[in-house]
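Okay, so here's the structure we're looking at.
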Amino acid sequence: QLQASGRGLVQAGDSLRLSCTASERTFSNYAVGWFRRAPGKGREFVASITWNGSRRYYSDSVKGRFTISRDNAKRTVSLQMSNLKPEDTAVYYCARDRQTYITGNVYYYSDESNYDYWGQGTLVTVSS
């Protein structure tokens with residue numbers, strides 16, 4: 001089970017940190033991705049990190065502003081968001097890869113079908 005936290009209402013240019021915490025001890029064996037769904041839009045890929053943290057991928061819309069990281073000892077994956085924009089307003093979801101020890105590419109991690117467990121979502125609102 002994945003628990004996302006860190007929701008908030010911020011202003012453009014502010015920073016916010018989201019966390020995704022897992023209850024299972026095997027969490028460190030899986031890659032984790034962050035997705036988001038903006039109002040009236042479909043869910044889109046934001047960022048991902050491999051099981052050992054060796055590779056990180058970002059969508060073009062957040063590259064250079066967001067940083068994904070993980071602490072396997074704490075079973076947590078974090079998304080540090082900086083220089084937030086109103087278009088970042090969305091419900092953010094974390095998700096776990098279906099397979100263990102996979103080191104894929106951005107095309108793999110941006111495909112929702114490669115994830116099996118999803119967090120409940122946390123709302124981020126950025127005002128202009």
Side-chain angles (χ1 to χ4, degrees):
Q1 189 174 8
L2 301 176
Q3 182 72 35
S5 61
R7 64 185 295 162
L9 170 62
V10 299
Q11 293 186 329
D14 285 352
S15 298
L16 189 65
R17 187 179 185 88
L18 304 183
S19 294
C20 177
T21 302
S23 56
E24 57 179 355
R25 287 182 291 177
T26 58
F27 176 73
S28 61
N29 302 341
Y30 297 88
V32 172
W34 282 96
F35 290 76
R36 67 185 181 187
R37 186 192 301 276
K41 296 186 177 181
R43 193 156 55 187
E44 65 171 356
F45 170 75
V46 175
S48 66
I49 187 167
T50 52
W51 64 277
N52 59 358
S54 63
R55 295 187 181 179
R56 310 173 193 201
Y57 300 100
Y58 301 93
S59 67
D60 289 342
S61 61
V62 307
K63 197 173 296 182
R65 300 187 298 121
F66 290 13
T67 302
I68 189 171
S69 61
R70 70 186 299 158
D71 184 336
N72 284 336
K74 296 182 179 179
R75 303 176 197 169
T76 298
V77 170
S78 299
L79 185 69
Q80 178 67 44
M81 306 184 293
S82 301
N83 190 23
L84 283 162
K85 304 176 180 180
E87 51 263 44
D88 294 319
T89 295
V91 176
Y92 286 73
Y93 301 87
C94 59
R96 193 197 76 172
D97 194 344
R98 290 184 178 277
Q99 304 183 74
T100 57
Y101 304 119
I102 292 294
T103 301
N105 55 28
V106 65
Y107 302 106
Y108 175 87
Y109 291 116
S110 62
D111 184 347
E112 291 186 28
S113 67
N114 289 319
Y115 298 87
D116 55 0
Y117 288 103
W118 292 78
Q120 83 284 9
T122 187
L123 177 63
V124 174
T125 304
V126 185
S127 63
S128 58

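Quick note: residue numbers are just sequence positions, from 1.
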Legend entry - Donor-acceptor under 3.5 Å (Arg55 side chain, Val106 main chain): no
Inset, instruction - Just say parallel, tilted or perpendicular for the rings of Tyr115 and Phe35, cut-offs at 30° and 60°. - result: perpendicular
Inset, instruction - Could you state whether Val62 and Tyr57 fall into the same hydrophobic cluster, counting links through intermediate Ile, Leu, Val, Met, Phe, Trp or Tyr residues with side-chain heavy atoms under 4.5 angstrom apart? - result: no
Legend entry - Residue Glu87 excluded, over 12 heavy atoms near CD under 6.0 Å: yes
Inset, instruction - May I ask you to test the Leu2-Trp118 pair for a side-chain heavy-atom distance under 4.5 Å? - result: no
Inset, instruction - State whether a side-chain donor-acceptor pair under 3.5 Å links Thr21 with Ser19. - result: no
Inset, instruction - May I have the step-by-step check of side chain to side chain contact (heavy atoms under 4.5 Å, CB included) for Val77 and Ile68, ending in yes or no? - result: CA-CA 7 Å; Val77 170; Ile68 189 171; 3.8 Å; yes
Inset, instruction - Start with the C-alpha distance between Arg56 and Ser69, add both sets of side-chain angles, then the distance that settles side chain to side chain contact (heavy atoms under 4.5 Å, CB included), and finish with yes or no. - result: CA-CA 8 Å; Arg56 310 173 193 201; Ser69 61; 4.1 Å; yes
Inset, instruction - Using atom types as modelled and distance alone, determine if a side-chain donor or acceptor of Arg98 lies under 3.5 Å from a backbone N or O of Ser113. - result: yes
Inset, instruction - Begin from the C-alpha positions of Tyr109 and Asp97 and carry the test side chain to side chain contact (heavy atoms under 4.5 Å, CB included) through to its verdict. - result: CA-CA 8 Å; Tyr109 291 116; Asp97 194 344; 3.8 Å; yes
Inset, instruction - Look up atom OH in Tyr117 and atom OG in Ser23, then write down how far apart they are to the nearest 0.5 Å. - result: 9.5 Å
Legend entry - Linked, directly or transitively: Val32 and Val91 (ILVMFWY side chains, under 4.5 Å): no
Legend entry - Spacing of Asn114 atom CG and Phe45 atom CZ [to the nearest 0.5 Å]: 11.0 Å
Inset, instruction - Identify whether NZ of Lys or CZ of Arg in Arg65 sits under 6.0 Å from the centre of the six-membered ring of Tyr58 and within 45° of that ring's axis. - result: no
Legend entry - Heavy-atom pair of closest approach, residues Gln80 and Ser15: NE2-CB, 3.9 Å
Legend entry - Minimal non-hydrogen separation, Arg70 against Ser28, with atom names: NH2-CA, 3.9 Å
Inset, instruction - Using atom types as modelled and distance alone, determine if a side-chain donor or acceptor of Gln120 lies under 3.5 Å from a backbone N or O of Gln3. - result: no
Legend entry - Inter-residue atom distance Gln99.CD - Tyr108.OH, 0.5 Å rounding: 4.5 Å
Inset, instruction - Report yes or no: do Val126 and Tyr92 belong to one cluster of Ile/Leu/Val/Met/Phe/Trp/Tyr joined by side chain heavy-atom distances under 4.5 Å? - result: yes
Inset, instruction - Please report the closest heavy-atom contact between Ser127 and Pro86, naming both atoms and the distance. - result: C-CG, 4.5 Å
Inset, instruction - Kindly compute the distance separating CZ (Arg36) from OG (Ser59), expressed to the nearest 0.5 Å. - result: 6.0 Å
Inset, instruction - Give a yes or no on whether Leu16 and Leu79 share a hydrophobic cluster (residues Ile, Leu, Val, Met, Phe, Trp, Tyr; joining criterion: side-chain heavy atoms under 4.5 Å apart). - result: yes
Inset, instruction - For side chain to side chain contact (heavy atoms under 4.5 Å, CB included), just list the numbers for Phe66 and Leu84, CA-CA rounded to whole Å, side-chain angles, deciding distance to a tenth of an Å, and then say yes or no. - result: CA-CA 9 Å; Phe66 290 13; Leu84 283 162; 3.9 Å; yes
Legend entry - Salt-bridge present (Lys85, Asp88; N to O < 4.0 Å): no
Legend entry - From CG (Leu18) to CH2 (Trp34), nearest 0.5 Å: 4.5 Å
Legend entry - Straight-line distance of Arg96 CZ to Trp51 CH2, nearest 0.5 Å: 15.0 Å
Inset, instruction - Report whether Tyr93 and Met81 are members of the same hydrophobic cluster (ILVMFWY, side-chain heavy atoms less than 4.5 Å apart, transitive linking). - result: no
